[in-house]
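Per chain, numbering begins at 1; letters A, B, ... match sequence-line order.
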Amino acid sequence: MDTKMLLDLLFQNPRASVTDLADILNETEEDVEKAKKQLEADGIICGYHTIINWDKANVDHVDAIIGVKASTQRGTGYDTIAEKIGRFPEVSSLYLVSGTSEFLVFINARTMREVADFVGEKLAPIEGVAGTVTMFVLKKYKVNGKNMDLKPEIQDDRMIISA
Amino acid sequence: MIDYQKIQAQRALDMKASGIRKFFELAAEIPDCISLGVGEPDFQTPWAIREAAIHSLELGRTKYTANAGLKELREALAAFMERRYSLSYDPKEIFVTVGGSEAIDLAIRMLVENEDEVIIPQPCYVSYEPITTLTGGVPVTIQTKEEDEFRVTARQIKEAITEKTKLLILSFPNNPTGAVLRKQDLIEIADVIRDTDIIVLADEIYAELVYGEEGFTSIAQIEGMKERTIVVNGFSKAFSMTGWRLGFAAGPKPLIDTMIKIHQSCIMAAPTTSQYAAVAAVSECDSDIERMRQEYDFRRKYCVRKLNEMGLHTFEPKGAFYVFPNISVLGMSSDEFCMELLKEQNLAIVPGTAFGESGEGFARISYAYSIEHLQEAMRRIERFLKDHGYQKEGK
């Protein structure tokens, strides 16, 4: 089984059917199913996400990206702080980054108030957090490689047959 | 009342019309027809290239360029030829044309007159023969064969050469077969050509789309051949820029100079915006070429496997974005097969005969489509074969 290819295909289309995957990979459906399960069990495939444009769905939704300055802790580096931040359900993504902050924290919330409360009451008090910069997302143009608010590109306007 | 037939030049009237036209008109009438019939990439032109074009317009670069093309583009092309094909050309030995097509036209017009013979291995792209006849030359076709994986052989070329032979056209990687000449094939062909005055027109428009270990070798790389070869290449296939209409030719300066002279009279200069885009393409976009090549390679393997599994014998093509299955199992001609497939399954592919008589029994399938599209198309072909009572032995 070409695992890299299977991962590529699932990355491009998480909803690809096992039948189609088997057809492309030249494997049986059972083997593809088994390989998929194994990749999930090994934590290589961590989930299948739906990308939603909440603005269009008319649902209250606020996204924020918070830069967190933090000091490293003896022995465990940044992992201890990361554990503390990452366990909040409001945190959708958490990265340790180079640059002016140590962490980037992505928050999905319903209102700005919720974000403010999260920062003031949950994030800032964590031991080792030295400061935060909260950036509210104003508009999403592109998410995970998918176009949200860029002008759509023509899909296929080729002539049906050409030399 | 003017008799329009009577007043037109006989050579123009005698030009062979493209066999693809008829299919195009039929397929366009069928509303939910899907196609594997295109000769152009499905990818969008890489954004860096489009952005460079937009930027040039913002700066107001809207005037003619030098006839032979922008100096910086010719220099970038010389560097590109060196980097990608180990071919050293002075920028003055390279000029920019309106697509590879114009370069082909100019090369033939520069060389051919008075029933000079032009050797054209077929199946091949559709323009060589009509331009040869329009110029007053005589096309001498060679039919490549399935057992040779549609590679023209030195022996076939040797047999076709006469005192009147002026030009040999080598279009490999080949449209429609996907065949690529190996280095050894080129060495053998060079041995036949080297001591003659025959010029080789190497249409290498698909040179960047080559798959497998062997890679691509240009005939101009073979000893003693650069001085008798005009290399034609372009941006359409490698950079997915068909609509920009930009190509180029490289070769011995006296020949290139005469081609530029014709180009001055009939074209002036290639489109300026496209040329600025092309500078970005040849300078910055090697990684885009590779990304697209890998995607084509994946689809190529898929199509070859599926067609062979269905029982349509398909040799493994090493270049371009076409596969060329043998469709003779149903006992239909190429034309009938493609016509019936179009009518019954709403799937358009191009009969091999559109590219020369040895295309009989074959069809050109383009894989310049998404894998999902290819899957659906393969299902339709499989259904078509079943409906006609054909099933591969042992299946």
Checklist entry - Which heavy atom of Ala163(A) sits nearest a heavy atom of Phe355(B), and at what distance? => result O-CE2, 4.4 Å
Next on the checklist: Need one label for Phe23(B): side chain, backbone, both or neither, based on atoms under 4.5 Å from any heavy atom in chain A.
Outcome noted: both
Checklist outcome for this item: Between Ile160(A) and Tyr369(B) the two heavy atoms that sit nearest each other are O-OH, 4.3 Å
Next on the checklist: At a heavy-atom distance under 4.5 Å, which candidate from Arg21(B), Glu372(B), Gln44(B) has the highest pair count against chain A?
Outcome noted: Gln44(B)
Next on the checklist: Can you confirm whether Phe11(A) is buried at CZ, in the sense that more than 12 heavy atoms of other residues, nucleotides or ligands lie under 6.0 Å from that atom?
Outcome noted: no
Item to check | pair Ser162(A)-Ile20(B): side-chain heavy atoms closer than 4.5 Å | outcome: no
Item to check | Interchain contact, Val38(B) with chain A, by part (heavy-atom threshold 4.5 Å) | outcome: both
Checklist entry - So, for Met159(A) and Glu40(B), which heavy atoms are closest and what is the spacing to 0.1 Å? => result N-OE2, 4.1 Å
Checklist entry - So, Gln375(B) side chain and Asp20(A) main chain: donor-acceptor pair closer than 3.5 Å or not? => result yes
Checklist entry - Quick check: are there more than 12 heavy atoms from other residues, nucleotides or ligands sitting under 6.0 Å from CZ of Arg291(B)? => result yes
Checklist entry - With a 4.5 angstrom heavy-atom cut-off, which part of Ala368(B) approaches chain A: side chain, backbone, both or neither? => result both
Checklist entry - Most heavy-atom pairs under 4.5 angstrom with chain A, which of Ala28(B), Pro41(B), Ser127(B), Gly243(B)? => result Pro41(B)
Next on the checklist: Between Tyr302(B) and chain A, with a heavy-atom cut-off of 4.5 Å, which part of the residue counts as in contact: side chain, backbone, both or neither?
Outcome noted: side chain
Next on the checklist: Looking at Met135(A), I want to see if its CE is surrounded by more than 12 non-hydrogen atoms of other residues, nucleotides or ligands under 6.0 Å.
Outcome noted: yes
Checklist entry - Is it the backbone or the side chain of Asn175(B) that comes under 4.5 Å from a heavy atom of chain A, or both, or neither? => result side chain
Checklist entry - Roughly how far, to the nearest 0.5 Å, is CG of Leu21(A) from CD1 of Ile371(B)? => result 10.5 Å
Item to check | Leu342(B) side, atom CG; Ile161(A) side, atom CD1 - distance, nearest 0.5 Å | outcome: 7.0 Å
Item to check | Spatial distance of atom CZ (Arg158(A)) from atom OG (Ser366(B)) [nearest 0.5 Å] | outcome: 6.5 Å
Checklist entry - With only heavy atoms counted, which part of Arg364(B) is less than 4.5 Å from chain A, the side chain, the backbone, both or neither? => result side chain
Checklist entry - Does Asn26(A) reach the side chain of Glu309(B), with side-chain heavy atoms less than 4.5 Å apart? => result yes
Checklist entry - Which residue out of Asp23(A), Ile154(A), Asp156(A), Leu9(A) racks up the most heavy-atom pairs below 4.5 Å with chain B? => result Asp23(A)
Next on the checklist: More than 12 heavy atoms of other residues, nucleotides or ligands under 6.0 Å from OH of Tyr141(A): yes or no?
Outcome noted: no
Next on the checklist: Quick test of your reading of the model: are Asp2(A) and Lys301(B) salt-bridged, counting only N-O distances below 4.0 Å?
Outcome noted: no
